[in-house]
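Given the structure is predicted, the values throughout are model-derived calculations rather than measurements. Protein chains get the first letters and strands the later ones, always in sequence-line order, with residue 1 at the start of each.
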Protein chains: 2
Amino acid sequence: MKESEAKHPTDTHQACAATPLGRAIHLLGDSWVLLIVMNLLQGPLRFNMLRATLGHISSKTLASRLRLLEELGFVQRQAFLEIPPRVEYHLTEKGRELGDVIAALERFGNKHLSDSVVSPTCEECIALDGEAPAVKDVR
Amino acid sequence: MKESEAKHPTDTHQACAATPLGRAIHLLGDSWVLLIVMNLLQGPLRFNMLRATLGHISSKTLASRLRLLEELGFVQRQAFLEIPPRVEYHLTEKGRELGDVIAALERFGNKHLSDSVVSPTCEECIALDGEAPAVKDVR
DNA sequence: CAGGATCCGATCGGATACTG
DNA sequence: CAGTATCCGATCGGATCCTG
């Protein structure tokens, strides 16, 4: 370990959490988080519904991201004590503001990442197809 | 492998590259890319300069991200045939538009991720400190 | 100086099985 | 249904060494 005096492994968080932007990058520099928020922007969803919408994602991964988002106060977990159990996740006021970021992302994507460039990797990405996320005017 | 008929490993690209937004998420769902672009927004930088600015990042990782960004046409690689070699990376017109996303990210960070919540992880994150990225309209 | 090639450990994320 | 605990393979990213 000498290439630059690194200390932690996976220093992806290097330019890390010291600055707000750094934290934002660290948080949103995660596809899952982005995807989850994106879906939640369209309304509350239940655990498995969210999973289905996301396509392939293990319950483990989904649970961890949801927990993270909840801890940060961007997502509100609402559990109904019934049988079978039902849990709905919905964005909080703060969380909904992530819509701005998603919107920027979408605008950028539509403008420069329209089906043309970029190597096609997945073919059955039906999850988000069709129903245009329509994040745009979330407020 | 049965939890949802996944086919590829690391299906992070699941809600994948089928839609522009999906691709944007896939691309920007990477801290390094975000960080690199952020720094490049302030002006062209040379390979090692960029590395230094980013804090800890291996040449391998940096090179791969730069290559990716270059292939997508967001970064322009300009090599000077001299000795010692000099290579400057600067954002293209398209790449500069990523500033909008970064700006949204920054706005969000300043608003909801200001030093308070979030577990402090790194202490010497001086890389981005001080000189506020000044993406432009920090609001 | 800019980066390619390799080796390798750490981490992430998926699959499975199990519980309330 | 909504997770949690565990096992484990695939990938990522860092460190090194090396070349133009």
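- Residue B:P84 places its side chain closer to C:dC1 than to any other of C:dA15, D:dA2, C:dC1.
- Of the residues listed (B:L34, B:V37, B:D30), the one engaging B:R65 in a side chain to side chain contact (heavy atoms under 4.5 Å, CB included) is B:D30, and it is the only one.
- Between D:dA2 and A:S59, no contact under 4.0 Å exists linking OP1 or OP2 to a side-chain N or O.
- For the pair A:Y89 and D:dG3, the criterion of a side-chain N or O lying under 4.0 Å from OP1 or OP2 is met.
- Distances from the side chain of B:V87 to the nucleotides C:dA2, C:dG20, C:dG13 place C:dA2 closest.
- Among the nucleotides D:dG3, C:dG4, C:dC1, the one closest to any side-chain atom of B:A63 is C:dG4.
- The CG atom of A:D30 sits 16 Å away from the P atom of C:dT11 (whole-angstrom rounding).
- A salt bridge between B:K94 and B:E97 is absent, with no side-chain N of the basic residue lying under 4.0 Å from a carboxylate O of the acidic one.
- A:S64 has no side-chain polar atom (N or O) that falls below the 4.0 Å cut-off from OP1 or OP2 of C:dG13.
- Protein atom CG of A:L54 is 14 Å distant from nucleotide atom P of D:dA2, rounded to whole Å.
- When heavy atoms are screened at a 4.0 angstrom cut-off, B:F80 is found touching no nucleic acid atom at all.
- Across the protein-nucleic acid pair, A:I57 atom CD1 and D:dA2 atom P stand 14 Å apart, rounded to whole Å.
- Between B:D100 and A:R107, none of the side-chain N atoms (NZ, or NE/NH1/NH2) sits under 4.0 Å from a carboxylate O, so this pair counts as no salt bridge.
- Spacing between atom CG of B:L66 and atom P of D:dG13 amounts to 13 Å, rounded to whole angstrom units.
- The distance from atom CD1 of A:I83 to atom P of D:dA2 is 13 Å, rounded to the nearest whole Å.
- With ring centers used as reference points, A:F74 lies 6.0 Å or more from A:Y89.
- Between B:R46 and C:dA2 there is a side-chain polar atom (N or O) within less than 4.0 angstrom of OP1 or OP2.
- For A:S58, taking side-chain heavy atoms from C-beta onward, the closest of the listed nucleotides D:dC1, C:dG4, C:dG14 is C:dG14.
- Out of C:dC12, D:dA2, C:dG4, the shortest distance to the side chain of B:R67 is found at C:dG4.
- The side chain of B:R86 contributes no N or O atom lying less than 4.0 Å from OP1 or OP2 of C:dA2.
- Distance CD (A:Q78) to P (D:dG3): 12 Å, rounded to an integer number of Å.
- In this structure, a donor-acceptor pair under 3.5 Å is absent between the side chains of B:T61 and B:S64.
- Rounded to whole angstrom, the span from the CZ atom of A:R51 across to the P atom of C:dA15 amounts to 9 Å.
- Per the geometry, NZ belonging to B:K60 stands 15 Å off P belonging to C:dA10, to the nearest Å.
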